[in-house]
Amino acid sequence: MTAKSTRTRFAPSPTGYIHVGNVRSAIYPWLLARQNGGQFIVRIEDTDRERFVEGATELILDTLKWLGLEWDEGPEVGGPYAPYFQSERRETYRVWGQKLVDKGLAYADPYTTAEIEAFRVAAQAQKRPFVYRHHRPENPPAWDGTQALRFKAPDTTHYEWEDAVMGKLSANEMVDDFILIKSDGLPTYNFGHIIDDTEMHISHAIRGLEYIASIPKYLALYDALGLKHPIFACLPHIMRPDGRKKLGKRDGAKSVTEYRQDGILPEAMFNFLATLGWNDGTTQEIFTKDELIAKFSLDRVQRSGARFDEKRLLWMNGQWIRSLSLDDLFERVRDFWGEAGKTANPAYQKQVLALAQDRLKTLKDLPAVSEFFFCEPTPDWSMIDDNKQLAKLSRQQQIEFLEIAHDMLSTLNDFSADSIQNCLNNFLQAIEQKPVIGFSLIRFALTWTQFSPDLNKSIAILGKDKTLARLKTAIEAGK
């Protein structure tokens with residue numbers, strides 16, 4: 001297979017929010033297609049009408065756009081193998097289903113749901129597994145598209161195949177007769193994806209490890225249709241942090257949309273998911289898209305599950321935030337300012353943002369480290385009382401130190417960050433304390449927050465009048 005023939009796909013079902021595991025199953029085929037100058041196709045597998053969620057398709061496409069996973073064929077862009085919604089491809093599946101009927105390899109299912117359940121109950125009573133092929137009708141009715149169509153599975157009991165991630169695999173089992181097309185005319189996943197991958201000339205079928213048990217079914221069907229299957233690549237699960245089981249909603253797994261709303265950058269999410277279970281053999285953690293396109297390979301995807309480490313995601317997000325230009329970051333935080341900050345003068349906002357940038361792990365952190373610049377905080381001396389270091393001082397000492405800080409800062413004519421830092425250093429000498437005492441005390445008095453940007457730069461932005469006034473207010477509140 002040449003690089004030019006690389007055609008990968010992402011084929012989600014619109015049945016709810018888009019999970020991090022779903023997105024990783026989009027990132028890898030996208031990287032492979034871009035690396036080889038091929039095409040990345042998006043196909044919406046909307047055949048499960050009972051689980052269909054209104055708006056889910058739009059959410060999936062919006063998430064791909066946010067991550068920069070542009071597609072070459074699919075919804076909104078079209079392509080030579082349209083339509084790219086399975087619900088609009090009924091006639092295609094009917095034609096392929098009829099091919100199997102004509103070969104004697106598929107038949108109309110004549111049984112009602114109640115009859116099939118009776119077969120199942122009888123098997124259970126006899127303490128044996130229910131096998132549908134044991135109930136194949138001798139003279140099935142002609143298939144007219146209104147009945148379910150079942151595959152007449154071969155008697156083969158041994159299957160072998162190569163997986164681009166998991167290596168050489170095999171299974172010793174007999175494939176039972178399974179449904180190809182439901183009575184509503186829509187295909188099951190087992191049939192639909194094989195037909196679509198074939199017609200769309202997909203070169204790599206990259207999906208989650210949960211599909212590996214079904215591959216004997218796929219192989220049996222490929223053989224029956226006389227088709228060559230694409231390269232299979234099953235990705236190990238994303239595990240919950242303790243590594244004990246697959247990450248799921250019950251373990252606090254959030255949708256990509258929630259992470260986006262929490263201020264995670266698309267570059268960080270892309271970087272994080274691409275390297276969740278893959279590495280290039282080095283200790284590098286931060287990768288641009290271009291670097292990932294150049295370095296990615298399926299044979300370096302680990303075969304064991306990858307633990308979802310949200311702390312690593314937050315660290316990575318902080319790294320990406322710090323790498324942005326101030327103008328770029330300013331545009332991205334437009335909807336993340338606090339109540340007072342969002343109405344402030346843009347020039348002042350940008351001044352504050354330049355100082356806060358190094359403190360942000362997510363864009364949502366912005367109000368916590370900046371709101372005190374835009375509105376007067378309420379003094380809360382319990383915060384000082386709860387601080388282990390400051391609690392070593394008496395309230396009288398705390399107030400005296402703040403009075404000294406007020407008086408020393410009031411003498412400054414040059415209220416630049418450098419001048420303020422010199423003054424703060426002299427303040428420490430005057431009170432004979434370390435920064436963890438002296439600077440923390442001033443920080444609380446000015447911001448009444450646990451964390452804030454560099455003290456000298458914060459004071460410079462606040463300005464002399466506001467700084468002195470806040471110190472005075474803190475002193476009065478503490479008496």
Side-chain angles (χ1 to χ4, degrees), residues 62 65-68 257-271 286 313-380 383 405 409-410 412-421 423-424 439-440 442-474:
D62 183 58
K65 291 174 187 175
W66 178 66
L67 288 166
T257 300
E258 288 177 288
Y259 282 112
R260 180 178 176 180
Q261 293 169 343
D262 284 346
I264 297 295
L265 300 183
E267 294 93 338
M269 181 58 75
F270 191 106
N271 188 166
I286 304 299
L313 173 60
L314 293 175
W315 170 82
M316 197 170 279
N317 199 60
Q319 297 295 312
W320 274 103
I321 287 174
R322 286 187 279 282
S323 75
L324 300 177
S325 69
L326 182 60
D327 287 340
D328 188 359
L329 181 60
F330 187 65
E331 288 301 314
R332 300 191 194 213
V333 300
R334 190 175 297 276
D335 297 325
F336 287 91
W337 292 103
E339 283 301 311
K342 66 183 179 182
T343 58
N345 178 281
Y348 186 63
Q349 284 180 329
K350 189 172 284 191
Q351 193 179 5
V352 170
L353 183 61
L355 182 57
Q357 184 169 6
D358 286 349
R359 293 291 180 131
L360 300 178
K361 289 184 179 179
T362 74
L363 303 185
K364 205 172 182 179
D365 293 338
L366 184 58
V369 299
S370 70
E371 194 72 347
F372 68 86
F373 284 108
F374 305 103
C375 61
E376 292 302 312
T378 301
D380 181 4
M383 297 179 72
L409 287 167
S410 67
L412 291 181
N413 294 318
D414 174 14
F415 219 68
S416 66
D418 289 342
S419 177
I420 291 168
Q421 187 59 55
C423 182
L424 291 174
F439 291 175
S440 296
I442 296 175
R443 187 186 306 278
F444 276 120
L446 295 178
T447 70
W448 297 107
T449 61
Q450 294 291 348
F451 307 101
S452 63
D454 295 343
L455 183 58
N456 64 322
K457 295 177 182 178
S458 296
I459 291 173
I461 291 178
L462 285 172
K464 187 173 183 178
D465 291 345
K466 189 172 289 186
T467 296
L468 296 179
R470 288 190 184 183
L471 287 172
K472 200 73 174 176
T473 298

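Going from atom CD1 of I459 over to atom CD1 of I461 covers 11.0 Å, rounded to the nearest 0.5 Å. Rounding to the nearest 0.5 Å gives a distance of 6.5 Å between OG of S452 and CZ of R359. The distance from atom CG of L314 to atom OG1 of T362, rounded to the nearest 0.5 Å, is 7.0 Å. In this structure, the separation between CG on D262 and OH on Y259 is 8.5 Å, given to the nearest 0.5 Å. For the atom pair CG of N271 and CG of L67, the computed distance is 11.5 Å after rounding to the nearest 0.5 Å.
Minimum interatomic distance between P379 and T473 (heavy atoms only, all atoms of both residues): CG-CG2, 3.8 Å. What you find for A268 and L313 is that their closest heavy atoms are O-CD1, 4.2 Å. Here the closest heavy-atom approach between residue W66 and residue P266 is recorded as O-CB, 3.2 Å. The two atoms that bring F444 and Q450 nearest to each other are CZ-OE1, 3.8 Å, heavy atoms only. Heavy atoms only, all atoms of each residue included: Q357 and L324 are closest at NE2-O, 3.0 Å. Among all heavy-atom pairs drawn from E371 and G338, the shortest one is OE1-CA, 3.3 Å.
Scored by the ring pair (Phe, Tyr, Trp, His ring centres under 6.0 Å) test, F270 finds W30 as partners (sequence neighbours excluded). Scanning for salt bridge (charged side-chain N to carboxylate O under 4.0 Å, His left out) contacts around E376 gives R470, with sequence neighbours left out. For S419, the side-chain contact (heavy atoms from CB on, under 4.5 Å) test picks out L412, D414, S416, with sequence neighbours left out. Among residues two or more places apart in sequence or in another chain, the side-chain contact (heavy atoms from CB on, under 4.5 Å) test is passed with N456 by A417, I420, Q421, L424, D454. For the side-chain contact (heavy atoms from CB on, under 4.5 Å) test, no residue two or more places apart in sequence or in another chain qualifies with P367. Judged as a ring pair (Phe, Tyr, Trp, His ring centres under 6.0 Å), and not counting sequence neighbours, the contacts of Y348 are F374. By the ring pair (Phe, Tyr, Trp, His ring centres under 6.0 Å) test, W320 pairs with no residue at all, sequence neighbours left out. For T447, the side-chain hydrogen bond (donor to acceptor under 3.5 Å, both in side chains) partners are T449, not counting sequence neighbours. Scanning for salt bridge (charged side-chain N to carboxylate O under 4.0 Å, His left out) contacts around K342 gives E339, with sequence neighbours left out. The side-chain contact (heavy atoms from CB on, under 4.5 Å) check on K472 picks up H406, with sequence neighbours excluded.
Partner P453 forms a side-chain contact (heavy atoms from CB on, under 4.5 Å) with one of L355, D358, L360 and no other, that one being L355.
Counting only heavy atoms from C-beta outward, the side chains of K361 and N317 never approach each other to under 4.5 Å. By the 4.5 Å heavy-atom criterion applied to side chains, D465 and F415 are not counted as neighbours. Side-chain contact check for L366 versus W337: some heavy-atom pair is nearer than 4.5 Å. For the pair L409 and C423, the minimum side-chain heavy-atom distance is below 4.5 Å.
Using a cutoff of 4.0 Å between basic side-chain nitrogens and carboxylate oxygens, R260 and D62 are scored as salt-bridged.
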Given side-chain contact (heavy atoms from CB on, under 4.5 Å), test F372 with V352 step by step and report yes or no. CA-CA 10 Å; F372 68 86; V352 170; over 6 Å; no
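Applying the ring pair (Phe, Tyr, Trp, His ring centres under 6.0 Å) test to every pair with at least one member in residues 452-472, sequence neighbours left out, gives no pairs at all.
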Quick one: side chains of residues 325-332, donor-acceptor pairs under 3.5 Å with protein atoms, not counting sequence neighbours, listed by atom name and distance.
unit_1, atom_1, unit_2, atom_2, d
S325, OG, D328, N, 3.1
D327, OD1, K350, NZ, 2.8
D328, OD1, R332, NE, 3.0
D328, OD2, R332, NH2, 3.3
E331, OE1, R334, NH2, 2.6
E331, OE2, R334, NH2, 2.8
R332, NH1, E267, OE1, 2.8
R332, NH1, E267, OE2, 3.1
R332, NH2, E267, OE2, 2.6

